[in-house]
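What follows is a short report on a single structure.
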Amino acid sequence: MDFINEIAALIKIDGADDRDVRTTVTVAADSAFGDYSLPCFRFAKTLKKPPAEIAAALQREISSDLPEFIERVDAAGGYLNFTLDKSFFARSVMNGIFEKGADYGASDDGAGRTVCIDFSSINIAKPFHIGHLGTTVIGAALCRIFKKLGYNVVGINHLGDFGTQFGKLITAYKLWGDRDDIERRGLRALADIYVRFHKEEEENPALVAVAREWFLKIERGDSEALELFGFFKDVTMKEVEKTYVRLGVSFDSYAGESFYSDKMQPVIDELRQKKLLTVSDGASIVDLSEYGMPPCLILRNDGASLYATRDLATIFYRKKAYGFDKCLYVVAYQQNLHFKQVFKVVELMGYPFYKDLIHVAYGMVSLEDGAMSTRKGNMVYLSDVLDKAKEKALKIIAEKSPDLKDAEDAAEAVGTGAVIFGALINNRIKDNVFSYDKILNFDGETGPYLQYTCARCNSVLEKAGVRISYDKIRGIEASFSDGTESFNSRHIAGGEAYELVKLLGKYPEILRSAMKNYEPSLVTRYLVDTAQSFNRFYIADKILDGDVSVKAARVVLTAAVMSVIKNGFEIIGVKPVERM
RNA sequence: GGGUCUGUAGCUCAGUCGGAUAGAGCAACGGCCUUCUAAGCCGUUUGUCGGGGGUUCAAAUCCCUCCAGGCUCGCCA
């Protein structure tokens with residue numbers, strides 16, 4: 001139940017409408033005050049009374065007829081503080097978690113609505129590096145969040161599989177390529193000849209003309225060119241798929257740039273017909289000066305299409321094919337202007353759904369010694385990062401849990417978990433300087449910390465003789481209580497236990513907020529808060545101790561924590577670990 | 001120069017549609033394993049919330065302005 005709304009409904013203030021009251025009710029700054037508060041200062045003017053007096057008067061009114069979910073109401077200075085009935089509240093939260101299990105926090109808010117999410121969008125024949133980590137895990141998390149809230153989600157990997165770069169690659173391959181080497185070393189071998197091309201090009205500019213020729217051959221459907229391009233694409237997809245599997249990421253569509261190469265002409269025609277296209281320096285542009293933006297380039301002076309042209313074709317195709325209610329682009333903020341321009345052009349073309357196009361921008365990754373560059377071969381491969389993280393996890397396991405079975409699996413989960421967590425803990429707009437020291441830190445606010453907490457829960461539950469899975473969680477409370485009591489305030493008397501219950505109750509709201517703000521870090525951060533709270537509880541209140549009913553309640557609470565953490569793990573793509 | 005984002009503890013960051021003493025983690029130092037996983041917990045220490053104005057009963061949060069940094073500004077994507 002929504003306690004803020006329930007509480008707001010109790011409060012009647014002359015001259016203030018219900019909405020004012022509802023938006024003023026807040027979560028209490030400190031549990032010592034209560035659970036929720038109404039600061040009365042803003043009503044002082046209309047009521048012509050000091051805030052403290054208003055609070056006191058409201059306190060008298062409301063106290064006379066308290067609903068069962070409120071234990072007490074206090075006036076403190078200008079604040080009116082509400083303390084919930086802990087038993088009622090805890091039961092309400094626990095029941096929600098046990099009844100819904102894996103569906104806790106789910107809703108049908110998005111029923112009948114479709115959202116397209118364009119993310120990861122790697123380039124064929126180029127390294128899958130740490131720069132791609134952000135878009136990949138943020139996009140995947142957003143897909144899961146929207147799905148959980150009832151939306152139909154289409155995850156799209158908009159492949160970079162079009163452009164002169166492929167002409168360059170074929171040229172390089174014809175000159176120095178070795179098919180066996182490429183089959184063996186994959187993207188690294190392709191990167192090598194690509195780098196070499198750029199080096200040799202400086203001394204031999206004629207190579208560029210050769211590259212252009214090869215790209216034209218691809219476009220014209222020349223069989224050799226297509227065969228080679230297909231080969232590069234196969235090599236790429238085979239290799240990146242392994243990394244996607246490790247990250248737990250999948251897509252509904254891989255339609256990339258080349259897919260739209262024959263879908264641009266109608267857009268160009270429509271722009272012309274709507275008199276939006278003007279010619280400037282030989283190029284065709286949409287003038288956006290009226291909106292304080294540089295022009296959007298549609299056709300080069302040689303008539304070739306551009307990035308924006310393809311993005312427009314993509315938008316109209318997706319609208320037609322999926323009928324999206326929202327289309328998200330999880331793309332780095334370097335392209336802020338590009339998307340602003342393209343969306344503006346859609347608006348100028350007269351399509352109201354321009355409002356549903358959203359650029360979910362995220363910060364850039366750089367190396368400690370500067371920016372990454374494919375051409376210079378200066379980059380960190382994502383698969384290397386995952387490998388090193390696993391290796392480190394394996395080392396720690398050997399130290400701390402030498403008897404662990406399935407150490408390999410645990411290390412893979414923990415290492416990958418650390419990497420994913422690192423990309424999802426901060427607000428997505430923040431820049432990131434990559435360092436192995438940082439990403440391989442497993443102490444404090446990290447993925448392994450969350451997994452460790454999960455393993456701790458699991459261990460307690462095993463000792464308690466409870467095997468937890470979502471479908472079985474429902475019976476636990478019954479089997480552990482002595483039959484005469486259900487979850488009540490005595491069981492959560494310790495401050496830590498109650499704080500934990502409050503946090504668990506917040507999860508559904510966190511998911512909604514993460515969706516609204518396109519911000520998976522809210523979920524990650526919430527999991528950290530919950531894990532911290534559980535670990536404090538674990539130390540403060542010995543779980544498998546005390547009388548039968550207190551013990552039962554604590555075990556139930558532990559099961560609830562594990563359930564919610566696993567639930568959150570599914571969202572952010574971190575794998576739970578039973579032992580580590 | 002225009003646009004835009006960022007600026008909070010030594011470092012990395014939460015908190016920002018205004019609310020009660022500004023919070024975590026890392027790093028440092030000191031405690032806690034006679035048994036629910038010490039990848040943990042507790043304690044100590046550190047703040048001109050970039051500067052200055054303004055609005056308000058109340059500002060890290062809203063407005064103005066300045067400063068610093070990132071990104072971006074026609075034929076790459």
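The chains referred to below are lettered A, B, ... by the order of the sequence lines, with proteins before strands, and numbering in each begins at 1. Source: prediction; values computed, not measured.
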Which dot-bracket string fits RNA chain B when only Watson-Crick or G-U wobble pairs with both atom distances under 3.5 Å count, crossing pairs get [ ], and | stands for a partner on a different strand?
(((((((..((((.....[...)))).(((((.......))))).....(((((..]....))))))))))))....

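- Looking at A/Ser280, its side chain comes within 3.5 Å of the base of B/G74 through a donor and an acceptor atom.
- Between A/Leu404 atom CG and B/U37 atom C1' the separation is 11 Å, expressed in whole Å.
- Atom NE2 in A/His338 sits roughly 15 Å away from atom C1' in B/C71 (whole-Å rounding).
- Looking at heavy-atom distances under 4.0 Å, A/Ile429 makes contact with sugar-phosphate atoms alone, never a base.
- At whole-Å resolution of the value, CZ in A/Phe421 and P in B/G25 are 12 Å apart.
- Checking B/A20, B/G40, B/C13 against every side-chain atom of A/Asn426, the shortest atom distance belongs to B/C13.
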Please tabulate, one pair per line, each protein N/O and nucleotide N/O from nucleotides 56-60 of chain B that are separated by under 3.5 Å, including the distance.
residue : atom : partner : partner atom : Å
B/C57   : OP1  : A/Lys45 : NZ           : 3.3

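- Not one side-chain nitrogen or oxygen of A/Tyr307 sits closer than 4.0 Å to the OP1 or OP2 atom of B/G74.
- Looking at A/Ser37, its side chain comes within 3.5 Å of the base of B/A20 through a donor and an acceptor atom.
- With rounding to whole Å, A/Leu440 atom CG is found 15 Å from B/C26 atom C1'.
- If you measure from atom NZ of A/Lys430 to atom P of B/C5, you get 14 Å, rounded to the nearest angstrom.
- Within the 4.0 angstrom heavy-atom criterion, base atoms lie near A/Ser459.
- Here A/Asp30 lies in heavy-atom contact (under 4.0 Å) with a base.
- Here the side chain of A/Phe33 is nearest to one of B/A20, B/A14, B/G40, namely B/A20.
- Between A/Asp443 atom CG and B/C41 atom P the separation is 10 Å, expressed in whole Å.
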